[in-house]
Amino acid sequence: MNQVPSDKDFRRGVFAISVAADMTALQIQNIRVYERRGLLEPDRSAGGTRLYSRADIETLLRIRDLLAEGLNIAGIARVIALEAEVTRLRREIDLNPPTRRRGPQGASQR
DNA sequence: ATTCTGACA
DNA sequence: TGTCAGGA
């Protein structure tokens with residue numbers, strides 16, 4: 001009936017850590033490490049086992065690729081934060097298109 | 001068999 | 001940053 005995934009669906013934790021490791025080619029232990037470093041906050045079941053959402057998987061893939069590019073954990077945290085910010089700003093612009101203004105000729109725009 | 005936390009190199 | 005020990 002409804003095959004369009006809602007945003008909530010996207011963020012609902014469903015995958016066990018072993019599945020997440022499979023999907024991302026990351027070690028289970030390291031996935032836990034990235035959480036400890038603040039890059040991730042997966043859901044938990046009643047018993048306390050981690051449940052990873054589709055969004056979490058995306059984040060893990062981002063982490064994997066950025067690590068391969070030589071970034072450290074702190075750098076990756078910055079990238080993730082900035083990407084989230086870009087997404088937020090783009091949505092804001094999309095919802096509320098700003099009026100373009102032109103400053104005085106040759107003047108600094110800051 | 002799987003996942004958890006905490007310690008440590 | 002990543003690995004290992006030990007327990008539920």
Side-chain angles (χ1 to χ4, degrees):
Chain A
M1 294 284 279
N2 179 15
Q3 71 271 32
V4 280
S6 67
D7 178 75
K8 223 176 182 188
D9 193 29
F10 196 69
R11 295 184 192 281
R12 178 143 290 132
V14 287
F15 308 111
I17 194 170
S18 56
V19 177
D22 237 44
M23 298 169 73
T24 60
L26 288 167
Q27 296 287 343
I28 290 177
Q29 316 258 52
N30 288 335
I31 293 178
R32 295 202 191 96
V33 169
Y34 306 146
E35 177 179 351
R36 187 172 8 174
R37 309 292 167 169
L39 271 55
L40 211 60
E41 188 68 36
D43 287 349
R44 296 289 184 126
S45 72
T49 65
R50 280 166 260 251
L51 293 176
Y52 294 87
S53 68
R54 250 164 57 170
D56 289 330
I57 299 300
E58 300 286 302
T59 301
L60 288 172
L61 292 172
R62 209 86 342 103
I63 291 168
R64 182 195 64 187
D65 294 342
L66 291 172
L67 282 172
E69 290 178 27
L71 296 204
N72 62 13
I73 297 287
I76 293 173
R78 295 290 295 270
V79 170
I80 290 176
L82 288 170
E83 285 179 344
E85 180 76 344
V86 169
T87 299
R88 187 186 65 80
L89 289 171
R90 207 172 11 228
R91 177 168 42 81
E92 185 171 319
I93 292 170
D94 190 55
L95 264 47
N96 189 11
T99 302
R100 288 308 204 296
R101 291 193 180 84
R102 178 176 45 97
Q105 298 291 358
S108 165
Q109 291 302 304
R110 190 171 310 272

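Lettering of chains follows the sequences in order, A, B, ..., and the numbering in each one begins at 1.
The distance from atom CD of A/E35 to atom P of B/dG6 is 12 Å, rounded to the nearest whole Å. Going from atom CD1 of A/I31 over to atom C1' of B/dT3 covers 12 Å, rounded to whole Å. Atom CD1 of A/I63 and atom P of C/dG2 are 11 Å apart (whole Å). Taking atom CG of residue A/N72 and atom C1' of nucleotide C/dG2, one finds them 14 Å apart after rounding to whole Å. To the nearest angstrom, P of B/dT2 lies 12 Å from CZ of A/R32.
Partner of A/L39 under the side-chain contact (heavy atoms from CB on, under 4.5 Å) criterion, out of A/I63, A/V79, A/L60: A/I63 alone.
The distance from the CD atom of A/E85 to the CD atom of A/E92 is 9.0 Å, given to the nearest 0.5 Å. Considering CZ of A/R62 and CD of A/E83, their distance stands at 6.0 Å, rounded to 0.5 Å.
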| Based on Watson-Crick and G-U pairs with both distances under 3.5 Å, what dot-bracket line describes DNA chain B 5' to 3', crossing pairs as [ ] and inter-strand pairs as |? | .|.||||||
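Shown here are the side-chain contact (heavy atoms from CB on, under 4.5 Å) partners of A/R100, two or more places apart in sequence or in another chain: there are none. Qualifying side-chain contact (heavy atoms from CB on, under 4.5 Å) partners for A/Q29, counting only residues two or more places apart in sequence or in other chains: A/R32. Partners of A/T59 according to the side chain to side chain donor-acceptor pair (under 3.5 Å) rule, which considers only residues two or more places apart in sequence or in another chain, do not exist here. Every side-chain contact (heavy atoms from CB on, under 4.5 Å) that A/P5 has, sequence neighbours left out, goes to A/D9, A/R54. Among residues two or more places apart in sequence or in another chain, the salt bridge (Lys or Arg N to Asp or Glu O under 4.0 Å) test is passed with A/D94 by none. A/R90 meets the side-chain contact (heavy atoms from CB on, under 4.5 Å) test with A/V86; sequence neighbours excluded.
Shown here is A/R44, whose CZ atom has more than 12 heavy atoms of other residues, nucleotides or ligands within 6.0 Å.
Interface residues of residues 43-59 of chain A facing DNA chain B, ordered by number: A/R44, A/G48, A/T49, A/R50; criterion, heavy-atom separation under 4.0 Å. Contact check of residues 10-17 of chain A against DNA chain B (heavy atom, cut-off under 4.0 Å) returns A/A16, A/I17.
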Residues 65-72 of chain A, side-chain donor-acceptor partners within the protein, below 3.5 Å, at least two apart:
from  : atom 1 : to    : atom 2 : distance (Å)
A/N72 : OD1    : A/A74 : N      : 3.3
A/N72 : OD1    : A/G75 : N      : 2.8

Expected list for residues 12-27 of chain A: side-chain donor-acceptor pairs under 3.5 angstrom, two or more places apart:
from  : atom 1 : to    : atom 2 : distance (Å)
A/T24 : OG1    : A/A20 : O      : 2.8
A/T24 : OG1    : A/L26 : N      : 3.4

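By the rule that hydrophobic residues join a cluster once side-chain heavy atoms approach within less than 4.5 Å of another member, A/Y52 and A/I80 end up as members of one cluster.
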Which protein N or O atoms sit under 3.5 Å from an N or O of nucleotides 3-8 of chain C?
from  : atom 1 : to    : atom 2 : distance (Å)
C/dT3 : O4     : A/R36 : NH2    : 3.3

